[in-house]
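Start at 1 with the first residue, then count along the sequence.
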Amino acid sequence: MADYKGRIGNLIRDARKHRGLTQHQLADLLGTSQSAINRIEKGHQNLSLEMLARIGAALDSEIVALGAGPTHLRVDGPTTLSGSIDVKTSKNAGVALLCASLLNKGRTTLRKVARIEEVNRLLEVLNSLGVATRWVGDENDLEIIPPAELNLADIDEGAARRTRSVIMFLGPLLHRVDQFELPYAGGCNLGERTVEPHMSALRPFGLEVKATDGAYHASVNRAIEPGRPIVLTERGDTVTENALMAAALHPGTTVIRNASSNYMVQDLCFFLRKLGVGVEGIGTTTLKVTGKSSIDVDVDYSPSEDPIEAMSLLAAAIVTRSSITIRRVPIEFLEIELATLEEMGFQYDRSEEYVANNGETRLVDLTTHPSDLVAPLDKIHPMPFPGLNIDNLPFFAVIAAVADGQTLLHDWVYENRAIYLTELNKLGAQVKLLDPHRVLVEGPTHFSGAEIVCPPALRPAVVLLIAMLASKGRSVLRSTYVIHRGYEDLAERLNELGANIETFRDI
């Protein structure tokens with residue numbers, strides 16, 4: 001019995017950390033004490049089903065569910081994939097554009113938006129503010145109509161705490177109201193990601209934020225305006241997006257230096273142009289924004305395709321030694337990854353370039369070929385764009401596992417993510433954690449099926465699913481909610497290529 005209580009306690013602790021909450025904050029949500037949460041997490045506390053359900057609701061974690069339990073994936077392998085698949089639109093661009101819709105008093109229509117859990121959470125937050133949203137047609141078009149006045153007092157705290165993206169409300173909202181509150185944001189458990197870079201980017205617009213009682217308390221001094229170029233202390237994607245959205249409703253010209261030029265930032269820039277905002281320097285680290293005092297237009301925009309999903313599909317093809325065609329790949333944001341794979345011996349064909357529906361992003365079709373890979377001579381590490389994408393690094397762990405030799409991966413951005421890659425060892429890989437940021441992968445690997453609980457970080461979770469496609473026998477990936485945060489119908493789409501993945505729940 002004590003062992004079961006300990007395992008339940010570990011699940012609760014991991015789910016709490018996944019949501020970015022302290023024991024004290026969880027205790028406040030449940031109306032209990034921090035010492036009680038400490039006892040629960042150590043397995044020293046008897047728990048009723050009601051309390052387990054309340055904890056699960058507070059943490060958005062299916063520790064226990066009434067009526068339907070967590071979803072799991074059963075994978076039979078090894079798999080050989082075949083056929084063609086289209087890359088869906090970008091998750092990260094979609095959530096940025098949802099936040100940016102708050103800049104516009106008119107109707108915003110976004111085309112082919114990814115119907116993922118991260119988007120669902122943001123829609124719940126927007127709806128609670130009085131924003132009307134509806135899905136239109138059968139291609140995931142999304143219509144967004146704001147109210148005359150946002151109802152910030154009724155913000156859906158539960159939904160807001162389940163996404164880090166809500167922090168990107170700061171930029172648009174600072175022009176709408178003088179004082180407001182946003183709940184602390186959650187998201188992937190990847191390390192201590194400070195919000196200070198956001199604050200330093202937005203202070204020149206008069207925003208001050210105090211973090212107390214599980215909320216950001218924001219106040220705006222209208223007398224303060226940017227008097228010189230804003231230099232971002234971190235070339236972060238969401239930090240740059242917040243600064244862009246703040247500048248969009250600031251009449252006059254704002255210069256942002258050390259800006260991210262990543263794919264979702266470029267999509268936001270193209271969208272702002274459609275709103276009538278002047279944006280120069282797209283694709284560079286210096287952006288010059290000429291804002292407007294008010295934006296009231298009916299706008300229609302198509303976010304571009306997701307380079308991280310494209311990389312996921314590439315990794316699945318490589319690891320299963322399959323020949324598939326991946327269509328609508330945003331090549332500008334995968335060139336370093338492909339160059340690295342070419343050095344490792346990856347063979348593929350590439351079509352001529354064509355333009356995405358946003359009229360800007362360059363796309364290609366890639367056809368993969370079964371390839372014998374060797375480990376790269378140098379370590380693989382991410383860099384801000386145009387370097388290897390931070391979110392693509394985990395896929396090189398499973399790719400390196402099937403390559404001949406030793407590959408060193410250096411995930412310098414996050415404190416906690418590299419450790420999840422060692423879960424590949426349960427499938428037969430040889431992944432050695434050297435420190436919180438570095439893993440050494442020894443290949444080649446002959447994967448074998450195993451049962452694994454999904455880690456609370458999106459990309460490592462998909463890495464395990466990809467390895468299971470190449471594993472001999474049956475594998476089970478449990479509690480896959482985190483995958484649904486970032487991918488739409490991934491298992492079903494892989495099945496269309498020949499995979500054998502079954503979604504199930506425990507009885």
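- Interatomic distance, CD1 of Ile318 versus CZ of Phe346, reported as 4.0 Å (0.5 Å rounding).
- Once rounded to the nearest 0.5 Å, the distance linking CD of Glu143 with CG of Asp300 reads 10.5 Å.
- Inter-residue side-chain proximity for Thr361 and Tyr263 is flagged as unmet; no heavy-atom pair is nearer than 4.5 Å.
- Atom OG of Ser219 and atom CG of Asp178 lie 9.0 Å apart (nearest 0.5 Å).
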For this session: Could you walk me through whether Phe180 and Leu170 pass side-chain contact (heavy atoms from CB on, under 4.5 Å), step by step?
Result: CA-CA 9 Å; Phe180 60 94; Leu170 290 173; 3.8 Å; yes

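- A salt bridge links Arg350 with Glu353: the distance from a Lys NZ or Arg NE/NH1/NH2 to an Asp or Glu carboxylate oxygen falls below 4.0 Å.
- Under the 3.5 Å distance criterion, with hydrogens and angles disregarded, a donor-acceptor pair is assigned to the side chains of His217 and Glu181.
- Considering only heavy atoms from C-beta on, Val131 stays 4.5 Å or farther from Ile145 through its side chain.
- We find the CD1-CG distance between Ile144 and Leu110 to be 4.5 Å, quoted to the nearest 0.5 Å.
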For this session: Quick one: do Ile230 and Val255 satisfy side-chain contact (heavy atoms from CB on, under 4.5 Å)? Show the steps, please.
Result: CA-CA 6 Å; Ile230 296 171; Val255 176; over 6 Å; no

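- When all heavy atoms of Leu123 and Leu98 are compared, the closest pair comes out as CD2-CD2, 3.9 Å.
- Within the 4.5 Å cutoff, side-chain heavy atoms of Leu388 are placed close to those of Thr340.
- Judged by distance alone, the side chain of Thr290 and the main-chain N or O of Gly278 form no donor-acceptor pair under 3.5 Å.
- Contact record, Leu373 with Gly345: CD2-C, 3.6 Å, taken as the closest heavy-atom pair.
- Residues Cys99 and Met245 come closest through the heavy atom pair C-SD, 4.0 Å.
- Rounding to the nearest 0.5 Å places CZ of Phe205 at 7.5 Å from CG of Leu174.
- Using modelled atom types, no side-chain atom of His381 and backbone atom of Asp411 make a donor-acceptor pair closer than 3.5 Å.
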For this session: Please lay out, stage by stage, how Arg121 and Glu118 fare under the test salt bridge (Lys or Arg N to Asp or Glu O under 4.0 Å).
Result: CA-CA 5 Å; Arg121 298 294 80 76; Glu118 189 84 355; over 6 Å; no

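- In terms of modelled atom types and a separation under 3.5 Å, the side chain of Asp391 and the main chain of Ile308 share no donor-acceptor contact.
- If you run side chain to side chain donor-acceptor pair (under 3.5 Å) between Arg111 and each of Asp141, Asn357, Asn358, Thr89, only Asp141 comes through.
- Using a 4.5 Å heavy-atom threshold, the side chains of Pro436 and Ile419 count as separate.
- The backbone N or O of Asn389 lies less than 3.5 Å from a partner atom in the side chain of Glu337, making a donor-acceptor pair.
- Side-chain contact check for Leu393 versus Val413: every heavy-atom pair is 4.5 Å or farther apart.
- The local environment of CZ in Arg228 is sparse, with at most 12 non-hydrogen atoms from other residues, nucleotides or ligands closer than 6.0 Å.
- Listed for the Ser128 side chain is a donor-acceptor partner under 3.5 Å among the backbone atoms of Asp156.
- Annotation: side chain of Pro456 is in contact with side chain of Tyr420 (closest heavy-atom distance under 4.5 Å).
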For this session: Could you check Phe385 against Phe333 for ring pair (Phe, Tyr, Trp, His ring centres under 6.0 Å), going step by step and ending with a plain yes or no?
Result: CA-CA 8 Å; Phe385 179 81; Phe333 306 102; 5.0 Å; yes

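- In terms of modelled atom types and a separation under 3.5 Å, the side chain of Asn104 and the main chain of Val297 share a donor-acceptor contact.
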Exercise. What do the steps show when you test Leu173 against Leu182 for side-chain contact (heavy atoms from CB on, under 4.5 Å), and what is the final call?
Worked result: CA-CA 10 Å; Leu173 289 181; Leu182 291 176; 4.2 Å; yes

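- The main-chain N or O of Ala400 is never found under 3.5 Å from a side-chain atom of Thr407 such that the two would form a donor-acceptor pair.
- Thr367 and Thr325 are linked by a side-chain donor-acceptor pair at a separation below 3.5 angstrom, with hydrogens and angles left out of the test.
- Rounding to the nearest 0.5 Å gives a distance of 9.0 Å between NE2 of His175 and CD1 of Ile295.
- For Asp365 and Arg327, the salt-bridge test fails: no basic side-chain N is under 4.0 Å from an acidic carboxylate O.
- The minimum heavy-atom distance between Arg203 and Ile224, with the atom names listed, is O-CG2, 3.8 Å.
- Within the 3.5 Å criterion, the main-chain N or O of Gln25 finds a donor-acceptor partner in the side chain of Thr22.
- Within 6.0 Å of NZ in Lys292 there are more than 12 heavy atoms belonging to other residues, nucleotides or ligands.
- Side chains of Arg417 and Pro394 form a contact here, defined as non-hydrogen atoms less than 4.5 Å apart.
- Inspection of the Thr284 and Ser261 side chains reveals no N or O donor paired with an N or O acceptor under 3.5 Å.
- Salt bridge present: Asp298 and Arg107 bring a charged side-chain N and a carboxylate O closer than 4.0 Å.
- Smallest separation of non-hydrogen atoms from Glu241 and Ala96: OE2-CB, 3.4 Å.
- Checked by atom type and distance alone, the side chain of Trp135 never pairs as donor or acceptor with a backbone atom of Arg115 at under 3.5 Å.
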Exercise. How far apart are the C-alpha atoms of Leu268 and Met264, what are their side-chain angles, what is the distance that settles it, and do they pass the side-chain contact (heavy atoms from CB on, under 4.5 Å) test?
Worked result: CA-CA 6 Å; Leu268 176 58; Met264 70 292 283; over 6 Å; no

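- Between Phe271 and Pro303, the closest side-chain pair of non-hydrogen atoms is not below 4.5 Å.
- Defined by atom type and a distance below 3.5 Å, a donor-acceptor pair is present between the side-chain atoms of Asn140 and Glu488.
- When all heavy atoms of Leu244 and Cys269 are compared, the pair lying nearest together is CD1-SG, 3.7 Å.
- A salt bridge is absent between Lys88 and Glu305; no separation between the charged side-chain nitrogens and carboxylate oxygens falls under 4.0 Å.
- Under a 3.5 Å cut-off, the side chain of Thr240 and the backbone N or O of Ser260 do form a donor-acceptor pair.
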